[in-house]
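Reading through the structure tokens given below for one structure.
Below, each value reflects all heavy atoms present in this structure, side chains not excepted, and no hydrogens, waters or symmetry copies. Counting convention: from 1, in listed order, for ligands and their atoms alike. Everything numeric here is computed off the predicted structure, so don't read it as measured data.
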Amino acid sequence: MENISFKDILYVSDGKTRRADIVVENGYIARITDKEEVTSSGLTASSPEECLLLPGIIDEHVHSREPGLTHKGDLDSETHAAAAGGVTTIMDMPNVVPQTTNLETLAERFELGAAHAFVNYTFYFGATNSNAHLLPQLDPTQIPAVKLFMGSSTGGMLVDRGEALRAVFEQSPLPIMTHCEDTDIITANMRQAVAAYGEDPDVRHHPEIRSREACIKSSELAVRLARETGARLHIAHVTTAEELALAAEASPLHPAQITLEACVPHLLFCDEDYERLGTRIKCNPAVKSRTDREALRRALTDGRILTIATDHAPHLPSEKQGGCKRAASGMPMVQFSLVAMMELVEQGILSRERLVQLMCHNPATLFGIRQRGFIREGMHADLVLLRRQPWTLTDDQIVSRCGWSPLEGQTFSWKVEQTYCNGRLIYNKGIFAEGNEHARQLRFDR
Ligand code: DOR
Ligand code: ZN
């Protein structure tokens, strides 16, 4: 593998932006020669050559759709989209067909990963009403966590029996990542909405049906079960101001026992956007109020939210037709999460050092990903080079198989210029490298 050196590059890692020479050898960051630390205010839009080197993004919440749902996307298409967005690692969800809920389907997915993933990869194991006995057999050096749907969503993996739910918390040797929405509340809300608005209510009613109360009640239950059993809980895609209080309140002595993920759709959009974007922004849990979004954004900087992921969940345009009942939930995001979050940096909502913490360092630390997520000597050389160069998203730039994005028409200040995975330049100004031998299965230190 050829060696690479970056001369006088500005890089962001470990809470700092520094100018340095960085040498990559044999897939690893071999040497960093720091020259000076640069404050954010020292950089302005007037320097046209301005580039930033970041650790490759680790997206801990992706639905690549392979196997079984590959008309929406597959490992090859969605990891190419990831690479084009500066994402060098995806952690893939189990609601595929067949579901990743036994050891055989789990092993098959790792074979698919090796054959098709273009960036580093791993797969969650999915909990069901009847598979808690398998959890102690999962290899903690290979599997990041158990995904638990405490509310029904795409893929029908709901764990809704009280004793089954408790068994997952009791049996799992791994962190439990939950989707929290109370199904009884949602069902009752849907019945009311159908009575009021007709069989397939307009998507504007989605956050009334998949309501704040449904999220809060389910997240509270997850926290209670984690406290009672001592399980390590990571709540995926929190969407309400109330849920933000849960982590710290729930476990003041062990704040790291219960952690929260925010997803890009809920940080970008609010209920005012249903008018303009319709079912494009329909996802579960629903995009909620502006007040909730502002609370989520504030929580990015004060430690209440630990990670930012995408919940990249592609569906075909034809599947997004209809209203609250008929339109599929979920949107593609992995290709544009970094540049979209860099816009929040431009707006002063978070610092770029904090962005790197939330999208690179913290996912690596939370799951114990070995030697990734930081720009440090000895780490795998997973890197993304950003250039300040305003550009507007048009559909011909979309790499995801579904071919659309809720961000079409939006202008971004930063462009992903190059992506490196294990020291190999895999994406360079719109051109992908051939093959996928560079992509690795993640290993975990626990
Ligand atoms: O909006 C969503 N889409 N939420 C989920 O929980 C699943 C996902 C999907 O797989 O489409
Ligand atoms: Zn998801």
Go through the steps to decide whether Arg376 and Asp14 satisfy the test salt bridge (Lys or Arg N to Asp or Glu O under 4.0 Å), and finish with yes or no. CA-CA 9 Å; Arg376 291 180 186 160; Asp14 297 275; 2.5 Å; yes

Under 4.0 Å, heavy-atom basis, I'd like to know which part of Met93 is in contact with ligand 1: side chain, backbone, both or neither.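 Neither part.
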
Just let me know how His179 lines up against ligand 1, side chain, backbone, both or neither, with a heavy-atom cut-off below 4.0 Å. side chain

Under 4.0 Å to a heavy atom of [X] - the qualifying atoms of ligand 1, by number:
X      : answer
Ala313 : 3 (N), 8 (C), 9 (C), 11 (O)
Phe149 : 6 (O)
Cys283 : 1 (O)
His315 : 11 (O)

Heteroatom of Asp311 nearest to the Zn ion (ligand 2) (N, O or S, atom name): OD1

Does a donor on one side chain sit under 3.5 Å from an acceptor on the other, for [X] and [Y]?
X      : Y      : answer
Arg161 : Ser130 : no
His71  : Glu319 : yes
Ser211 : Glu208 : no
His206 : Lys282 : no
Asp74  : Ser77  : yes
Tyr274 : Glu272 : no

So which protein heavy atom does [atom] come closest to, and at what separation?
atom                    : result
atom 11 (O) of ligand 1 : Arg65 NH2, 2.8 Å
atom 1 (O) of ligand 1  : Asn284 N, 2.8 Å
atom 5 (C) of ligand 1  : Ser153 OG, 2.9 Å
atom 3 (N) of ligand 1  : Ser329 O, 2.9 Å

If the cut-off is 2.8 Å, does any N/O/S atom of His63 fall short of it from the Zn ion (ligand 2)?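 Within the cut-off used here (under 2.8 Å), His63 does place an N, O or S atom near the Zn ion (ligand 2).
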
State whether His61 contributes an N/O/S atom found under 2.8 Å from the Zn ion (ligand 2).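 So His61 does bind the Zn ion (ligand 2) by this criterion.
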
Are the aromatic ring centres of His438 and Phe118 under 6.0 angstrom apart?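 Yes.
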
If I compare all heavy atoms of His361 with all of Gly15, which pair ends up nearest, and what's the gap?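 His361 and Gly15 have their closest heavy atoms at NE2-N, 4.4 Å.
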
